[in-house]
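Just the heavy atoms: all of them, side chains too, but no hydrogens, waters or symmetry mates, feed the values below. Worth saying up front: this structure is predicted, and the values here are computed from it rather than measured.
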Amino acid sequence: MVLAILNESDLLLSDDAVEQIVDQTFKQADLNSDGKIDPDEWKAFASKNPALLKNMTLPYLKDITMAFPSFVLNSGVDDEEL
């Protein structure tokens, strides 16, 4: 998803730069360094970075395929069910 958004936004970053961004973000969220982000760690990370949550709302996810055609979301849920 990160690569698709960067590509659609015409942001050209090296693979190393993208990997470093993802790794650093993961390290910030994985507070106990067990290689997984558990619900409590996610809650703490989201509390420190509330802007993350706007990208995870159903309306945003529904519209993301219009803004970024290379990112296809198929939830299996019909629009009428939302």
Which side-chain N or O atoms in residues 15-26 pair as donor and acceptor under 3.5 Å with protein atoms at least two apart or in another chain?
from	atom 1	to	atom 2	distance (Å)
Thr25	OG1	Ile21	O	2.8

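With sequence neighbours left out, the side-chain contact (heavy atoms from CB on, under 4.5 Å) criterion links Leu11 to Leu6, Ser9.
Looking only at side-chain heavy atoms (C-beta outward), Lys36 and Asp30 stay at 4.5 Å or farther from each other. The shortest side-chain heavy-atom distance between Leu31 and Asp40 does not fall under the 4.5 Å cut-off. At least one side-chain heavy atom of Phe45 sits less than 4.5 Å from a side-chain heavy atom of Leu52.
Rounded to the nearest 0.5 angstrom, Ile37 CD1 and Gln28 CD are separated by 10.5 Å.
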